[in-house]
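Data first, discussion second: the structure below is written as structure tokens.
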2 protein chains.
Amino acid sequence: MNIYDISKQSGVSIATVSRVINNSGYVAEKTRKKVMEVIEKNSYSPNAFARGMSTSSMKTVGILTTNIRDLYQAQCVYYLEQDLKKHGYTAMLCCTGDEQAAKKEHVELLASRSVDALIFIGSHFVEKSEKDNGYIYAASNHIPVFLLNGCLSHSNIYSILCDDEKGCYELTKCALDHGAKSPYFLATRDTFSVQRKWKGFKKSCKEHDIEIDDSRFRLLEDGFEQLGSQVFSILQDTDIDAAICVDDEIASIVEKVADYCKRKVPRDLQITGYNDSIFAKLAHPAISSFDNRTAYMCSQAIYGLVQVLEGKEFPEETMYTGKVVLRHSTND
Amino acid sequence: MNIYDISKQSGVSIATVSRVINNSGYVAEKTRKKVMEVIEKNSYSPNAFARGMSTSSMKTVGILTTNIRDLYQAQCVYYLEQDLKKHGYTAMLCCTGDEQAAKKEHVELLASRSVDALIFIGSHFVEKSEKDNGYIYAASNHIPVFLLNGCLSHSNIYSILCDDEKGCYELTKCALDHGAKSPYFLATRDTFSVQRKWKGFKKSCKEHDIEIDDSRFRLLEDGFEQLGSQVFSILQDTDIDAAICVDDEIASIVEKVADYCKRKVPRDLQITGYNDSIFAKLAHPAISSFDNRTAYMCSQAIYGLVQVLEGKEFPEETMYTGKVVLRHSTND
DNA sequence: CTGAAAGCGCTTACAG
DNA sequence: CTGAAAGCGCTTACAG
């Protein structure tokens, strides 16, 4: 069943059928009705490839995530997909992992599928070395690129991000305001947003006249067991009294290890997470965290995407604020 | 840059260019080399739509999930996508939510994109009323359908599932073997796999001569706060001494509430989860759970998918076993 | 308001 | 081993 069949059965040309399908151009109400009837009777739906070939678009956008099993990234995918389909777009998902080569390959894979736009989730894609971002720049020459929680200055790249520097500054301030003297900063990766959080951490320490150096930045190996043993070492070997973690999952593990080491949270050790996820709520005591408004970020991205694809203006960079959510892992 | 440009630059016909691109038919080594050079020089890549139009496939498969924010479902998506891309397929993701109409709409959306196959994640799609599964049957008339953790008998539908009846039977047995007399079964949804788990629960109770009726099946409203208060009621109003939960997230919340109510786990209350996720590991005490081998299930699904799309045979139903992972939320 | 016709960029029998 | 040609199913100026 194709447009010719519909055309025959309804006694009009395929051009007219096309017009009623796409709601474009003029077509007499009577004609439209007749054609619609035939279409519905046959439950005809136009061939996506042919359509794509004519219009060079299948209303598809590529979403890139390094790891969909990460709750935060899954959250983003969820909101993005919600908004995307509201606008008739469909999402192609790629989970790239952390290796540079794989990331590049996936971008090419999506490009070969002629997606209308590319959305990169998380700061995991923005590398310190400009050369390593080359494949993102290259992609942006053909299709609009949206960066969540990251920032790259280039035409046709649009960055939307929460002010994580401020976020981490405020969380650190909570701990320091309530007596912490020896805070540590814990991360499992050194990404763009981690760097911004680290900056906020340092700023807050400075304001509290706490001398710190780079040894306060603990880059830990990922994985449940590995994290546990590394955190254990830190608890043994340092005078840590506040763990400022870049996400709630790490914070949960710190709390679990603290419990194991008989350190009372928050009395002996204050802990903060990030993202305000279920991990922060489930932990015992519940963990103070930062709500970085994922839903808002995603809806902004899709709004921008639609604007750009319609040829309208959209700012290259959008930075917005989140909010601290106090719980019982910091002193009150 | 299209196939004609390549054809001109390399001095051969487009048919030949097509052959070298697709590695099909005979083409002289010398010709192939020349054409490849031109292709690479121009970094040409064939237009996916045109290709799709000729072959009626864009090597794309649709993945349907009710909620990607659910750790288990995210896990599935992760493994599926991994395997899919190994075979040159790309994943289109749809998060449908729980409403029937939306599920149906999404299937149609994917069908209109001419995906090569459909994969439904989780038992959330298999309804008790056969009528409500109509849209799945309908889809299977055009494209192969793969069902993870669910089972539907119909041609062109392939079901791959873990033996959850056995899984839940074994978990319940752990609790009962270690003294529980009044177990309850907790779920947030009444799906196909929940029914199977319930069956295993009942079987184990029967073997232990524990009289139970349907009031042991507690269907709870989802959501962090809601769950907390409902579990609280159960702890207050019943003589529960074992909570057999259909997933680790529920189990974590039960444990949190138990702690709040000063019930010692596992002494006063044994708890079991399901899926063997990070929630089970993070909880304190860590929660006994069931490893249903998600990675295996997904790889089986993609293996089957490739077989079917190549016109080969694959069994309509595959059921495999998982394994209990004992931790400290049950007595040892 | 409607239709004939060109064009989108491939693949694949078929003939040589 | 290679090429000419048909076909895939749409959209969209253009003419009327």
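Each chain gets a letter, A, B and so on, in the order its sequence line appears, and its residues count up from 1. Here the structure is a predicted model, which is why all the values come from computation and not from measurement.
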How long is the line joining CE of A:Met1 and P of D:dG9, in whole Å? 11 Å
Applying the Watson-Crick and G-U wobble criteria at under 3.5 Å, what pairs with D:dA4? Answer none if nothing qualifies. none
If I take atom NZ in residue B:Lys33 and atom C1' in nucleotide D:dC1, what distance separates them, rounded to the nearest angstrom? 18 Å
So does B:Cys151 get a backbone contact from the side chain of B:Glu317, meaning a donor-acceptor N/O pair under 3.5 Å? no
Hey, are B:Lys85 and B:Glu81 close enough for a salt bridge, meaning a charged N less than 4.0 Å from a carboxylate O? yes
What's the CG-C1' distance between A:Asn2 and D:dT11, to the nearest Å? 14 Å
A:Arg19 has an atom CZ; how far is it from atom C1' of D:dA13, in whole Å? 10 Å
Roughly how many Å is it from CZ in A:Phe49 to P in C:dT11, rounded to a whole number? 13 Å
N/O (side chain, A:Ser13) to phosphate O (OP1/OP2, C:dA4) under 4.0 Å: no
Answer whether the closest heavy-atom distance between the side chains of A:Met297 and A:Tyr79 falls below 4.5 Å. no
Any side-chain N or O of B:Arg51 less than 4.0 Å from the OP1 or OP2 oxygen of C:dT11? yes
First encountered from the 5' end of DNA chain D, between B:Met53 and B:Val12: B:Val12
Would you check, one step at a time, whether the test side-chain hydrogen bond (donor to acceptor under 3.5 Å, both in side chains) holds for B:Gln9 with B:Asn42? CA-CA 10 Å; B:Gln9 283 192 36; B:Asn42 294 279; 3.3 Å; yes
For A:Lys59 and D:dT11, what is the distance between atoms NZ and C1' respectively, to the nearest whole Å? 15 Å
Respond yes when some side-chain nitrogen or oxygen of B:Ser18 is under 4.0 Å from OP1 or OP2 of C:dT11, and no when none is. yes
Regarding B:Ala15, tell me which of base, sugar-phosphate or nothing describes its non-hydrogen contacts under 4.0 Å with the strands shown. base
Keeping the roles fixed (side chain from B:Tyr137, backbone from B:Lys131), state whether a donor-acceptor pair exists under 3.5 Å. no
Round to a whole Å and report the spacing from CZ of A:Arg32 to P of C:dC1. 10 Å
So what's C:dA13 paired with, Watson-Crick or G-U wobble, going by both distances under 3.5 Å? none
Hey, are B:Thr96 and B:His106 close enough side-chain-wise for a donor-acceptor pair under 3.5 Å? no
In whole angstrom, what separates A:Ile6's CD1 from D:dT11's C1'? 16 Å
Contact under 4.0 Å: A:Asn47 side-chain N or O vs D:dG9 OP1/OP2: no
Choosing from D:dG3, C:dC10, D:dC10, which nucleotide comes nearest the side chain of A:Ile3? D:dC10
Of the nucleotides D:dT2, C:dC1, C:dG3, which one has an atom closest to the side chain of A:Thr16? C:dG3
So, is A:Asn22 near the phosphate of D:dT11, with a side-chain N or O under 4.0 Å from OP1 or OP2? yes
Can you tell me if B:Tyr44 touches the phosphate of C:dC10, counting only side-chain N or O atoms and a distance under 4.0 Å to OP1 or OP2? yes
Checking all strands, does A:Ser24 fall into the base, sugar-phosphate, or nothing category for heavy-atom contacts under 4.0 angstrom? nothing
Is there a side-chain contact between B:Thr55 and the phosphate of D:dC8, meaning an N or O under 4.0 Å from OP1 or OP2? no
Mind checking A:Ile14 for me? I need base, sugar-phosphate or nothing, with any heavy atom below 4.0 Å counting as a touch. base
For A:Tyr4, answer base if it contacts any base atom (sugar-phosphate contacts may also be present), sugar-phosphate if it contacts only those atoms, and nothing otherwise; contact means non-hydrogen atoms under 4.0 Å. base
B:Tyr26 side chain: which of D:dC1, D:dC10, C:dG3 is closest? D:dC1
